[in-house]
Amino acid sequence: MFPTQIIVTRELRSPEHTWLKSLSGKLKKQELKNLLKQVDGLTHDFDKRLADAVLEMSIRANLEAVKELKGDATMCQALLEIMEPEINKITEEAVVKANMETAKNMLKYGEFSPEEIRKYIPRLSIKEIKSLA
């Protein structure tokens, strides 16, 4: 009905097919290390975004190899650097949520005006604070 191609990842040569091979769920610790080094060596933003997508799928598919790398300080650092934008995004969302909740509670108790709340939580605008009321 439509053309199909079957790829047997265990028969692929590692250096030449690292990215494709990394999508399998059978990476060894060293292969994952090599993949992380390749991702770390990328310089263009577009390449990094593509590599991050492949890396994310590879990590999910190879959790055992990732667990083995947890003790390796250089690999942990490489993972953190690669995941930094996502970690920052999650952290920022948590801070905003906490600020909103704090402002909501301050308004709920009625002892603070939106202007006073703004002094304590400068990340929120007066408009955002008033919308919580």
Side-chain angles (χ1 to χ4, degrees):
M1 189 161 22
F2 52 87
T4 305
Q5 184 175 12
I6 297 173
I7 299 170
V8 182
T9 55
R10 71 175 172 261
E11 293 181 13
L12 295 173
R13 291 188 218 127
S14 287
E16 297 166 14
H17 300 100
T18 302
W19 297 101
L20 189 55
K21 193 170 182 172
S22 71
L23 294 174
S24 77
K26 299 182 187 211
L27 280 185
K28 293 178 177 71
K29 181 179 167 181
Q30 188 58 46
E31 290 171 321
L32 188 55
K33 246 182 175 177
N34 293 341
L35 179 65
L36 287 169
K37 285 178 184 174
Q38 280 191 334
V39 170
D40 195 38
L42 296 174
T43 55
H44 299 293
D45 285 340
F46 181 71
D47 291 341
K48 285 182 179 186
R49 283 195 308 268
L50 292 175
D52 285 347
V54 171
L55 183 62
E56 184 177 342
M57 295 307 300
S58 182
I59 287 172
R60 288 179 188 203
N62 295 286
L63 287 176
E64 285 303 314
V66 172
K67 286 177 186 175
E68 289 178 32
L69 287 177
K70 275 187 178 179
D72 187 328
T74 57
M75 288 301 105
C76 285
Q77 184 61 35
L79 274 172
L80 284 174
E81 287 173 14
I82 291 164
M83 298 304 292
E84 184 178 19
E86 190 64 27
I87 292 168
N88 289 342
K89 180 182 167 189
I90 292 167
T91 303
E92 181 62 28
E93 288 171 0
V95 167
V96 168
K97 186 176 179 180
N99 285 340
M100 297 291 268
E101 194 63 33
T102 301
K104 189 187 293 185
N105 287 333
M106 291 171 84
L107 286 170
K108 183 175 151 181
Y109 294 115
E111 296 183 25
F112 298 94
S113 69
E115 291 75 20
E116 290 172 315
I117 294 171
R118 174 84 165 83
K119 288 179 188 175
Y120 293 109
I121 310 172
R123 289 181 147 197
L124 297 179
S125 68
I126 297 291
K127 185 178 178 179
E128 288 173 314
I129 294 168
K130 287 181 178 179
S131 74
L132 296 171

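Hydrogens, waters and symmetry mates are skipped; everything else that's a heavy atom, side chains included, is used. Since the model is a prediction, treat every value here as computed from it, not as a measurement.
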Would you name the heavy atoms of [X] and [Y] that are closest together and state the gap between them?
X: Ala61; Y: Ser24; answer: CB-O, 3.8 Å
X: Glu31; Y: Lys26; answer: OE1-O, 4.0 Å
X: Ala103; Y: Ile121; answer: N-CD1, 3.8 Å

May I ask you to check whether Gln30 and Asn34 show a side-chain donor-acceptor distance below 3.5 Å?
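Judged by distance alone, the side chains do pair up.
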
Test log, rule side chain to side chain contact (heavy atoms under 4.5 Å, CB included), inputs Met106 and Thr102:
CA-CA 6 Å; Met106 291 171 84; Thr102 301; 4.0 Å; yes

For the residue pair [X] and [Y], establish whether any side-chain heavy-atom pair is separated by less than 4.5 Å.
X: Lys89; Y: Glu92; answer: no
X: Glu86; Y: Ile90; answer: yes
X: Arg60; Y: Glu56; answer: yes

If the threshold is 4.0 Å, N to carboxylate O, is there a salt bridge linking Glu68 and Lys33?
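No, no charged N to carboxylate O under 4.0 Å.
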
salt_bridge(Glu115, Lys119) N-O dist < 4.0 Å
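Salt bridge between Glu115 and Lys119, a charged N being under 4.0 Å from a carboxylate O: no.
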
Is a side-chain donor or acceptor of [X] paired with a backbone partner of [Y] at a separation under 3.5 angstrom?
X: Thr91; Y: Ile87; result: yes
X: Ser22; Y: Ser58; result: no
X: Asn62; Y: Leu27; result: yes
X: Arg118; Y: Leu124; result: yes

Quickly, which of Leu55, Leu50, Leu35 forms a side chain to side chain contact (heavy atoms under 4.5 Å, CB included) with Trp19? Name it, please.
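Testing Trp19 for a side chain to side chain contact (heavy atoms under 4.5 Å, CB included) against Leu55, Leu50, Leu35 leaves exactly one candidate, Leu35.
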
Do Leu42 and Leu23 belong to the same hydrophobic cluster, where Ile, Leu, Val, Met, Phe, Trp and Tyr are linked whenever their side-chain heavy atoms lie under 4.5 Å apart, directly or via other members?
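Per the 4.5 Å side-chain linkage, Leu42 and Leu23 are co-clustered.
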
Same cluster or not: Ile126 versus Phe112, using hydrophobic residues (I, L, V, M, F, W, Y) connected whenever any side-chain heavy atoms lie under 4.5 Å apart?
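Result: no, two separate clusters.
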
